[in-house]
Amino acid sequence: MNEPVVLGIESTCDETAAAVVRGGTLLSNVVASSMNEHARYGGVIPEIASRAHAEAFVPVVSKALADADMDIADVDAIAVSAGPGLAGCLAVGVSGAKALAYAAGKPIYGINHVIGHIAVTQLQFGPFPEDTLALIVSGGHTSLLHVQDVARHVDVVGTTLDDAAGECFDKVARLLGFPYPGGPHIDRHAQSGDPHAIRVPQGLTQGKAGAKHPYDFSFSGVKTAVARWIEERQTAGETIPVDDVCASLADSVASVLAKKAVRGCEQYGSRTLIVGGGFSANSQLRAKLLEVGARHGIEVRIPEIKLCTDNGAMVAMLGSNLVQAGVKPSSLDFSIDSAMPLSKICME
């Protein structure tokens with residue numbers, strides 16, 4: 001099937017999303033977020049998010065089909081995020097997608113949400129070159145992946161050993177009194193600060209640890225170091241230079257991500273680095289990756305913001321890749337997997 005029409009459905013966290021893709025062309029992309037409902041709690045509450053998915057599922061899917069000027073009968077396959085993610089949230093999206101697939105007699109693919117963040121870049125930049133490396137950075141994931149075939153074979157080159165980059169930002173944001181989600185606030189303040197004002201450690205980049213984990217990431221120590229610096233100033237009654245703290249943190253994290261990603265590209269002979277995940281919306285990271293990539297002759301593909309954050313387009317695009325590659329659809333009774341390994345692209 002050259003140009004399959006795929007409906008993609010996403011519900012791993014606090015976005016209920018659906019999109020329609022034909023081949024490699026995006027026809028519609030609808031997102032409903034429950035983020036504002038979680039702000040008062042300082043993080044996503046799974047029960048609230050699951051209820052929001054249940055309420056938004058039918059309107060979001062209906063609008064995605066309507067925006068594409070299609071009916072479910074026009075769709076060749078349905079793809080849905082089966083993991084990783086919050087179990088209750090995944091269950092809502094997968095249950096709805098299965099019901100739709102069964103009622104309409106359509107094949108269904110339970111896809112890996114994180115691999116979807118790689119696949120979505122094709123909508124903006126076209127097919128992957130050979131030996132592509134992908135850096136996925138989000139609230140729960142920081143991973144470096146080698147993409148041999150996005151539909152069949154993806155290798156994990158490196159991953160986070162503790163906190164992901166997004167988690168690190170959110171925890172420091174809370175210390176600074178920023179509302180949830182903290183990442184955009186740190187990003188905004190960092191643009192006015194001095195990135196060299198505070199010495200922020202760069203985890204797993206030096207000595208034996210760096211040699212042992214050349215492509216892995218660790219941001220727990222970064223969070224702790226910044227937290228201690230803030231607490232010491234507060235104890236001494238000093239004013240916290242918020243802009244400088246944000247700029248120093250952002251520069252440290254961006255430098256580590258860029259350094260390890262480029263090292264991975266050199267190791268695998270890759271001239272293309274794909275970047276995805278919600279944290280890739282961070283302006284310091286985007287600038288650092290583009291700068292380092294240009295210096296090393298590596299094309300850095302960072303999609304527009306709406307394709308970086310969780311969306312249905314990423315699910316639909318990976319579904320399209322699977323259909324075009326002739327991968328067998330998932331069975332209708334496949335399970336969700338909240339800890340789905342990155343080596344697994346699609347549920348059987």
Side-chain angles (χ1 to χ4, degrees), residues 6-19 21 26 29-35 44 46 49-50 52-53 56-57 60-61 64 77-98 108-123 134-145 147 150-152 154 156 159-160 164-167 274-281 303 306-322 327 329-330 334-348:
V6 180
L7 169 66
I9 298 170
E10 156 66 23
S11 71
T12 57
C13 191
D14 57 352
E15 276 93 13
T16 311
V21 163
L26 183 62
N29 193 22
V30 180
V31 180
S33 175
S34 62
M35 185 182 294
V44 175
S50 298
H53 287 309
F57 183 90
V60 165
V61 171
I78 296 171
V80 60
S81 290
L86 299 173
C89 298
L90 289 165
V92 175
V94 168
S95 297
K98 284 181 176 180
I108 188 169
Y109 291 85
I111 65 100
N112 188 311
H113 166 89
V114 178
I115 307 303
H117 278 302
I118 300 173
V120 75
T121 58
Q122 297 167 97
L123 293 171
L135 175 66
I136 302 301
V137 274
S138 65
H141 302 276
T142 302
S143 304
L144 194 60
L145 308 172
V147 185
V150 74
R152 297 180 183 277
V154 175
V156 178
T159 190
T160 182
E167 287 177 289
I274 285 169
V275 186
F279 190 81
S280 64
K306 70 178 183 180
L307 297 180
C308 289
T309 51
D310 292 349
N311 59 79
M314 56 189 258
V315 182
M317 188 62 236
L318 181 52
S320 179
N321 289 138
L322 290 162
V327 174
S330 305
F334 72 86
S335 301
I336 61 168
D337 187 351
S338 59
M340 194 171 180
L342 298 185
S343 55
K344 192 175 188 69
I345 298 169
C346 182
M347 302 298 285
E348 296 177 354

Query raised in the report: What's the shortest heavy-atom distance between Tyr109 and Cys346, and which atoms?
Result: CD2-SG, 3.8 Å
**Report entry** Gap between atom CG of Asp14 and atom OG of Ser50 - 0.5 Å precision
**Finding:** 11.0 Å
Report summary line: When every non-hydrogen atom of Val44 is compared with those of Ala49, the smallest separation belongs to CG1-CB, 4.1 Å
Query - Spacing of CG belonging to Leu90 relative to OG belonging to Ser95, to within rounding of 0.5 Å - result: 10.0 Å
Query - Shortest non-hydrogen contact from Ala313 toward Leu307 - result: CB-CD2, 4.1 Å
Query - Gap separating the CG atom of Asn112 from the CE atom of Met314, nearest 0.5 angstrom - result: 9.0 Å
Requested in this report: Measure from the side-chain N and O atoms of Thr159 to the backbone N and O of Ser143, and report whether any donor-acceptor pair falls under 3.5 Å.
Outcome: no
Query raised in the report: What do the steps show when you test Phe334 against Ile108 for side-chain contact (heavy atoms from CB on, under 4.5 Å), and what is the final call?
Result: CA-CA 10 Å; Phe334 72 86; Ile108 188 169; 4.1 Å; yes
Query raised in the report: Where is the tightest heavy-atom contact between Gly116 and Leu318, given as atom of each residue plus distance?
Result: N-CD2, 3.8 Å
Query raised in the report: Are any non-hydrogen side-chain atoms of His113 and Asp310 less than 4.5 angstrom apart?
Result: yes
**Report entry** OG on Ser330 to CD1 on Ile111, rounded to 0.5 Å
**Finding:** 9.5 Å
Query raised in the report: For the atom pair CD (Glu10) and CG (Asn311), what is the distance rounded to the nearest 0.5 Å?
Result: 7.5 Å
Query raised in the report: With a 4.5 Å heavy-atom cut-off, do Met347 and Met340 have their side chains touching?
Result: yes
Report task. Check for a donor-acceptor pair, side chain of Ser81 on one end and backbone N or O of Thr12 on the other, with a separation under 3.5 Å. Result -> no
Query raised in the report: Is there side-chain contact between Ile274 and Leu145, with heavy atoms separated by less than 4.5 Å?
Result: no
Query raised in the report: So Ile345 and Val154, side-chain contact (heavy atoms from CB on, under 4.5 Å) or not? Walk me through it.
Result: CA-CA 8 Å; Ile345 298 169; Val154 175; 4.0 Å; yes
